[in-house]
Amino acid sequence: MTGKRGEKLAKLMPKGRDMRGQAIRMMLFASGAIAVLAQSALAQDTVIRTIEDFESSRSIAPQTENASARIVPATNGPGKSLRVDFQPRAEDDVVLKPATPWDFTGKGDVNLAFDIANPAKISTQIFLIITDANGASQTTMAVVPAGKSVTAYAVLSGFEAMVQSGMREVPPGWASDETKLFWRTGSKKIDLSRIVSITIRTQAMTTPRSLIFDNFRLRRNPPTDPFFITDIVDPFGQAAKVEYPIKIHSEAELKAAAQKELAQLAASNGPPDRSRFGGWASGPKVRGTGYFRTEKVDGKWWLVDPEGHLFFSSGIANVRMANLETVTGYDFVDSSVRKIDPEELTPEDSRDFAPVAPEVRGTRFLASPIRRQMFQWLPSYDEPLGKHYGYRRTFHQGALKHGEIYSFYGANLERRYGDNYMAKWRQVTLDRMKDWGMTSFGNWIDPMYYDNQKMPYFANGWIIGDFKTLSSGFDYWSPLPDVYDPEFKRRARLTIEQIAREVKGSPWCVGVFVDNEKSWGRVDTNRNRYAAVINALAKSAADSPAKARFVEMLRGRYPTIAALNAAWKSQYASWDAFGAGASLPDVEAAVPDLARLFADYADTYFRTVRDEIKRVMPNHMYMGVRMAEWGMPEEVTQAAIKYSDVLSYNVYREDFHEDTWGFLKKVDRPTIIGEFHIGSTSDTGLYHPGLVIATDQTDRGRIYEQYMNSILANPMMVGAHWFQYVDDPVTGRAYDGENYNVGWVSNTDMPYPELVAAGKRFNYDLYRRRYGN
């Protein structure tokens, strides 16, 4: 290649030893240039069709829930707009539904854009839900800054929308001052030829909020930058093409930042008035047992530290090296690297960093060029920083099913702290927790901290193995275990015995979390609520312990199959036929029995786990399973109440909202939040903010305080844990591609000062405010 194009390409090529990476870039440059030429005739912001501009008497009448809508004069110039007043409810919707489905196809690659103004003094997060005639939908989201107007757009088709990059969100495919909506959930393959509704939703707002919408329009995508996912990560694992306040530009700068922080931490005494275990030293003292427990004091639930001081758990989860790596694009022919011992007790995403054996490295090959092209630099295995390569035998989702991984965070710790970097990281982390005012770690703390004697922690484990399973139809992380299978009970025993060996009876262990966000079933319909039971009934009793148990329970209730048929409005020929596999013609008729069967299932799960914990860890609390807000059937909640010492939920909202959580007043049990977070992309270099969005780091700190204050004010709550300590990798964590701004520190181990300041404002005075003085 010669001439100006060759000179341009040469300038684009980063220096380094990985010649294969350079070859990939040359290939992508050529193909990308052709793509640009092919689209050069397309104009920016080409409107194909106006969906709704609210100007005509034939405009769609919006439908609302927990909101009101009216036509008002446009905020910017002549014309009309739609003003929606949202109430502070768990969910508020405004829905546009056409008389006949919209057709968004046949126009090339498209995006849906609309204008939105937020006159409020605080930011507002919105969700855009697009639904087709088959009921499939996709949800994207954005944040509208306080007092601002923006044009927001969701990419519906084309390479940017469909590419399997291994990232939860990719960089924008074209330069724009507009607001790109971030992917949340749903199907990327909805039927664009038959769109039946567009919904704008808000969730868990603390105050009434008004937003003004205009000009919903279908647009042709502009030409995509052929390099929009090429060379996007620099040698420090940072976003290469953007600047932001805490970005590092050299190893000397990284070391200088570390020395400055170390001096600040050395001078910090942390918050005053804390007991040895982090409780309230000068507050009311109750009975100390030598271990953590719970007690209700003056109408509020508290944790109690081993010495009898009132304790509230404010902490950060996932302080560990596991699941901080990203996929490089390489794999190995030698299958020995993928061997999984069926007796392992740790799932892949929680597994310790696993290096690749030297004899395997010679079989390395490029499995995903699209992944490799993202990195400006990767070391060779022989370089000092080559020790931060590892391997994952399975990925939950992404561009590959398994492959090589690299930890830029681990490499940066070595750059930052030198040869003894892991010991230094452990000490710095403990010093940060004290300085930031945290009272404990959260879940998924690296066991290296179990003996720290400075910061209380929560132990954790997963029950995994080759036991039978059930499907609720919403098995995002994994199917449900068949809790009647003896193998499940054996694996539960092995897991909890391993936790006990790690904890060693330490009084610094507050309690134990087992499993996480299990797919119990959604509660929008009875079929979804009892889907796991329905799935079990469809199986053969000879192959499914759950089915065998359910048949036993039903035969105890109905003396004949005719009696069951009469109750269920069914026509099963015999109990043998029912045992071989049963579908439900009328779910509603069977609901009373489905509820009993599901209650027995949930009771068996929680009792099995509780009994094992109390057998080998009698002094430690069972903290439950950290249920997700999207899966909390009543039967599961009741079993958790019966067997857990503390209820636990993961709640990703900007507030702990009364609409959803008011039931806790009736439950009257100590409760803890296992996960929440807030993120931003505007000043972080990351391409996805996370599940709750702020406009920037200052706004992130504001929402953190708002959330924690709502927890502090609830008399049932005994703590809340932020997820997680370190940002996700720019190119997505290896397990599932999440690339969120979720950390208190970046991938270069740089703390976010605005979030740290918010943490200190909340934590330093939390006990006095919690007690009510």
Side-chain angles (χ1 to χ4, degrees), residues 340-348 350 394 396 460-500 512-521 529-557 575-576 578-584 593-616 622 624-627 631 633 635-636 638-640 642-644:
I340 298 176
D341 184 343
E343 290 299 298
E344 289 180 15
L345 298 174
T346 304
E348 196 74 357
S350 294
T394 60
H396 184 59
N460 70 88
W462 295 80
I463 305 173
I464 61 172
D466 190 23
F467 39 74
K468 304 282 187 179
T469 61
L470 304 176
S471 173
S472 71
F474 302 97
D475 309 323
Y476 180 74
W477 294 116
S478 64
L480 288 168
D482 185 332
V483 299
Y484 306 101
D485 186 345
E487 179 64 5
F488 170 78
K489 296 179 180 180
R490 184 182 79 89
R491 297 292 292 180
R493 170 164 291 200
L494 292 176
T495 293
I496 294 165
E497 286 176 345
Q498 176 61 26
I499 298 171
V512 182
F513 291 106
V514 176
D515 289 335
N516 179 64
E517 291 188 352
K518 304 197 76 62
S519 301
W520 305 107
R529 178 173 179 164
Y530 301 116
V533 176
I534 295 170
N535 177 249
L537 293 175
K539 299 176 183 291
S540 166
D543 298 327
S544 169
K547 175 63 176 289
R549 169 61 177 165
F550 293 162
V551 170
E552 177 188 10
M553 291 179 65
L554 291 170
R555 295 195 72 162
R557 179 173 176 80
W575 279 115
D576 287 343
F578 181 84
S583 60
L584 267 69
D593 287 313
L594 296 177
R596 293 186 189 95
L597 300 180
F598 196 31
D600 187 78
Y601 172 90
D603 189 278
T604 302
Y605 171 85
F606 281 94
R607 183 179 69 253
T608 299
V609 177
R610 190 282 312 270
D611 286 354
E612 289 300 326
I613 290 176
K614 296 306 177 185
R615 180 179 67 85
V616 295
Y622 174 33
V625 68
R626 304 196 327 154
M627 284 187 282
E635 293 81 1
V636 178
Q638 289 303 315
K642 183 176 179 180
Y643 293 106
S644 304

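Quick caveat, the model's predicted, so the values are computed rather than measured.
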**Prompt:** What do the steps show when you test Arg557 against Glu552 for salt bridge (Lys or Arg N to Asp or Glu O under 4.0 Å), and what is the final call?
**Reply:** CA-CA 9 Å; Arg557 179 173 176 80; Glu552 177 188 10; over 6 Å; no
**Prompt:** What do the steps show when you test Ile340 against Thr394 for side chain to side chain contact (heavy atoms under 4.5 Å, CB included), and what is the final call?
**Reply:** CA-CA 10 Å; Ile340 298 176; Thr394 60; 4.3 Å; yes
**Request:** Please name all residues satisfying ring pair (Phe, Tyr, Trp, His ring centres under 6.0 Å) with Tyr643, sequence neighbours left out, ordered by chain then number.
**Result:** none
Using a 3.5 Å cut-off and no angle test, enumerate the donor-acceptor pairs between side-chain atoms of residues 533-544 and protein atoms at least two apart in sequence or in another chain.
unit_1	atom_1	unit_2	atom_2	d
Asn535	OD1	Ser471	N	3.0
Ser540	OG	Ala542	N	3.1
Ser544	OG	Ala546	N	3.4
Ser544	OG	Lys547	N	3.1

**Validation row: Val483, Thr608 side chains within 4.5 angstrom (heavy atoms)** = no
**Message:** Counting C-beta onward and ignoring hydrogens, is there a side-chain heavy-atom pair between Pro347 and Trp477 closer than 4.5 Å?
**Reply:** no
**Complete:** salt bridge (charged side-chain N to carboxylate O under 4.0 Å, His left out) filter on Glu612, not counting sequence neighbours, yields Arg493, Arg615
Please give me the minimum heavy-atom distance between [X] and [Y], naming the atom from each residue.
X: Thr469; Y: Pro479; result: CB-CB, 3.8 Å
X: Lys518; Y: Pro481; result: CE-CD, 3.5 Å
X: Ile613; Y: Tyr622; result: CD1-CD1, 3.4 Å

**Request:** Answer yes if the ring centres of Trp520 and Tyr605 are under 6.0 angstrom apart, and no otherwise.
**Result:** yes
**Request:** Measure from NZ or CZ of Arg626 to the centre of the six-membered ring of Phe513 and say whether it is under 6.0 Å with the direction within 45° of the ring axis.
**Result:** yes
Distance-only side-chain donor-acceptor flag, [X] / [Y], under 3.5 Å:
X: Ser478; Y: Asp475; answer: no
X: Tyr484; Y: Asp600; answer: yes
X: Glu517; Y: Tyr476; answer: no

**Item:** Parallel, tilted or perpendicular: ring planes of Phe578 versus Trp575, cut at 30 and 60 degrees
**Value:** perpendicular
